There are 2 protein chains.
Amino acid sequence: MNCSCENCHIQAIFFKSINSDELDEFCGARVEKIIPAGTTFIKQGDKIRSFKYLKEGLIKLHRVDDAGNKQIISFGTPMDFVSIHNIFAEETYSYSVTALETSTVCIFNIDIIKRLIKTNGEFAENLISTKSRASNRILSNSLDLISKSMYGKVASVILFFHEKIYFTMGFDLPISRKEIAEYTGLSIETVIRVISEFRRDGLIKVYGKRIEIIDKDGLMSIYEHS
Amino acid sequence: MNCSCENCHIQAIFFKSINSDELDEFCGARVEKIIPAGTTFIKQGDKIRSFKYLKEGLIKLHRVDDAGNKQIISFGTPMDFVSIHNIFAEETYSYSVTALETSTVCIFNIDIIKRLIKTNGEFAENLISTKSRASNRILSNSLDLISKSMYGKVASVILFFHEKIYFTMGFDLPISRKEIAEYTGLSIETVIRVISEFRRDGLIKVYGKRIEIIDKDGLMSIYEHS
DNA sequence: TCTAGTTTATGATATATGTCATATATTTAC
DNA sequence: GTAAATATATGACATATATCATAAACTAGA
């Protein structure tokens, strides 16, 4: 068992600073796990016992806030290092992680990561950069939502899946209207109504979860001008 | 010039891992600067040339988003390390920093920090923890705002300054109604109206910027139940 | 195949929030 | 100290958004 997977972003981005001895130690303790869509494989409140990396698939970060409201924090692709947001700050996870599509997760020994930080300065620097960029991205998306109207919020979700995940004009939304509501802070009915309005205005076509973007400039203009 | 300031959080929290030789090198290049209230000492888009730490005072992080809207990201006390959110992720700042009260900032050579990360593993680990906790706090506040009504949003601002900054029932708000609007995503008029309503309902007393909390439980209940 | 549950959808209506107008109070610039 | 700018405040009104009700479409499981 090693880390020689061809498409592994960890290798490309994260461990360019690791020498082959370190890589062997690191990957010797690696476990690869396939997570079926819909499975919650990290639970808010659980003790952090390992370092998890999304090798393939699509996941959502979500939490229950102090008032008991369910809330989606962000959506993640293999470019994101699933468990890095909490791992060095807290003993337990402050969010849950659920697979939206069948996903592959690599599970590493957390002590080896911590030892690497201490012994390999370049690794530490790369980890800090990667972590910073990932959390800046999440924060920026969250801040965007605060100041936008329901149209801007829903447009931002559609554009996110188009521009960051699927890259095509037509795609199947991997989340329900209810999840869009949990992400944007809108009510379900408002989300559905805005989608219907986008459809009536010829911005998108909708067939259940299937979305086809017809007027991308129009959507972007709505997103930008709230 | 050294780092022997008695109340320095950097020493207590951040540099417990630094030996005296490293401390000398680190602090030899330190510059201390007094920032008058209202001064913007980090500007969004500026190249990151130094590592800045808030020794004393109160600051706000703010940005102009892609659509050109002014937005306040968070408020910071000396417990926050001002420039760590961007420093290892980007070449330039993605936010501005302005003093809300007269503040003292310690400015360190950024290359020395980067060298310390590479040569001192414990320092690197402490930096990662500190940074994680700070950005988790900011994100959590931002997520809280997304799902709350105007009452919850304004209550959260009042409770923040009471519980995190001044600790007394009576205090002077360090920000204007307009800034509360920029932080919460509400309009100025809505912020003013909600504050007036809290006053009429006997939750707070208001004399311009002066706030006195009369019914803290009531405020917290509003915050929690939206 | 049927039933129960969930998801999507829409209308009617109530409430929350924004916009525009205006007035007073406060701060800033000269 | 005065004028101009900014901040606070409130009313009237328009628009955005939530809530409640209902129904059709779509799953999941027996």
Side-chain angles (χ1 to χ4, degrees), chain A residues 36-39 60 67 69-72 98 100 145-158 172-201 204-212 222-223 225-226, chain B residues 36-39 60 67 69-72 98 100-101 145-158 172-201 203-212 222-223 225-226:
Chain A
T39 308
K60 65 172 177 180
N69 301 313
K70 286 175 71 175
Q71 196 171 27
I72 291 179
T98 299
L100 294 174
L145 288 178
I146 290 177
S147 56
K148 294 212 179 297
S149 75
M150 57 181 186
Y151 301 108
K153 286 173 179 175
V154 175
S156 84
V157 172
I158 295 172
D172 286 355
L173 271 180
I175 55 175
S176 66
R177 313 295 196 255
K178 186 174 170 223
E179 288 173 302
I180 297 178
E182 286 171 2
Y183 178 64
T184 56
L186 301 169
S187 71
I188 301 180
E189 295 94 326
T190 297
V191 169
I192 291 171
R193 255 183 263 273
V194 170
I195 291 176
S196 297
E197 208 170 329
F198 284 173
R199 176 173 42 74
R200 276 194 294 275
D201 293 346
I204 55 176
K205 285 187 180 173
V206 183
Y207 316 92
K209 290 237 185 310
R210 179 94 192 155
I211 299 281
E212 263 176 53
I222 286 170
Y223 168 68
H225 302 107
S226 187
Chain B
T39 308
K60 66 172 176 181
N69 302 312
K70 288 175 71 176
Q71 195 171 27
I72 292 180
T98 299
L100 293 175
E101 297 172 351
L145 289 177
I146 290 178
S147 56
K148 294 210 179 300
S149 74
M150 58 182 187
Y151 301 108
K153 285 173 180 175
V154 174
S156 84
V157 172
I158 295 172
D172 287 354
L173 270 180
I175 55 173
S176 65
R177 312 294 195 256
K178 188 175 171 220
E179 288 172 301
I180 297 178
E182 287 170 2
Y183 177 63
T184 56
L186 301 169
S187 71
I188 300 180
E189 295 93 328
T190 296
V191 170
I192 291 170
R193 254 183 263 272
V194 170
I195 289 175
S196 298
E197 208 170 328
F198 284 172
R199 175 172 43 72
R200 276 194 295 272
D201 293 346
L203 294 161
I204 55 176
K205 286 188 180 174
V206 182
Y207 316 92
K209 289 236 185 310
R210 179 95 191 152
I211 299 282
E212 263 177 52
I222 286 169
Y223 169 67
H225 303 108
S226 185

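These values consider heavy atoms only, across backbone and side chains, with no hydrogens, waters or symmetry-generated copies. Just so you know, these numbers come straight off a predicted model, no measurement behind them. Order of the sequence lines sets the chain letters (A, B, ...), proteins ahead of strands, with each chain counted from 1.
Nucleotide D:dA9 holds its C1' atom 17 Å from the NZ atom of B:K178, rounded to whole Å. Between the CD1 atom of B:I195 and the P atom of D:dA7 there is a distance of 14 Å, rounded to whole Å. To the nearest angstrom, P of D:dT19 lies 14 Å from CD1 of A:I192. Taking atom CD1 of A:I204 as the reference point, atom P of C:dA9 lies 10 Å away to the nearest angstrom. Distance CD1 (A:I188) to P (C:dA9): 12 Å, rounded to an integer number of Å. Summarising the geometry, the separation between CG on A:N69 and P on D:dA18 is reported as 13 Å, rounded to the nearest angstrom. In this entry the distance linking CG of A:L173 with C1' of C:dT7 reads 13 Å, nearest Å. Rounded to whole Å, atom C1' of C:dA9 lies 9 Å from atom CZ of A:R177.
The two residues A:Y223 and A:G152 make their nearest non-hydrogen contact at CD1-O, 3.7 Å.
To the nearest 0.5 Å, atoms CD1 (A:I175) and CZ (A:R177) are separated by 9.5 Å. Between A:T184 atom OG1 and A:Q71 atom CD the span is 10.0 Å, to the nearest 0.5 Å.
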Just distance, no hydrogens or angles: give the donor-acceptor pairs under 3.5 Å from side chains in residues 185-195 of chain B, sequence neighbours left out.
unit_1, atom_1, unit_2, atom_2, d
B:S187, OG, B:T190, N, 3.2
B:S187, OG, B:T190, OG1, 3.0

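In this view, A:K209 and A:S176 satisfy the side chain to side chain contact (heavy atoms under 4.5 Å, CB included) rule, not counting sequence neighbours. Qualifying side chain to side chain contact (heavy atoms under 4.5 Å, CB included) partners for B:D172, counting only residues two or more places apart in sequence or in other chains: B:R210.
Under 4.0 angstrom from either OP1 or OP2 of D:dA7 there lies no side-chain N or O belonging to B:K209. Taking only side-chain nitrogens and oxygens, A:S176 never comes nearer than 4.0 Å to OP1 or OP2 of C:dT6.
With contacts defined as side-chain heavy-atom distances shorter than 4.5 Å, the pair A:K153/A:Y183 does not qualify.
At least one donor-acceptor pair under 3.5 Å links the side chain of A:S226 to the backbone N or O of A:S149.
Listed candidates were D:dA7, D:dT10, C:dT7. Nearest to the side chain of B:R199 is D:dT10.
End-to-end axis angle for the helix from C:dT1-D:dA30 to C:dC30-D:dG1, using five pairs per end and rounding to 10°, comes out at 60°.
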Can you give one letter per nucleotide of nucleotides 11-20 of chain C, 5' to 3': B if a protein heavy atom sits under 4.0 Å from the base, S if only from the sugar-phosphate, - if neither? BB---SSBBB
Assign a letter to each nucleotide of nucleotides 24-30 of chain C from its 5' end: B, base within under 4.0 Å of a protein heavy atom; S, sugar-phosphate only; -, no contact. -------
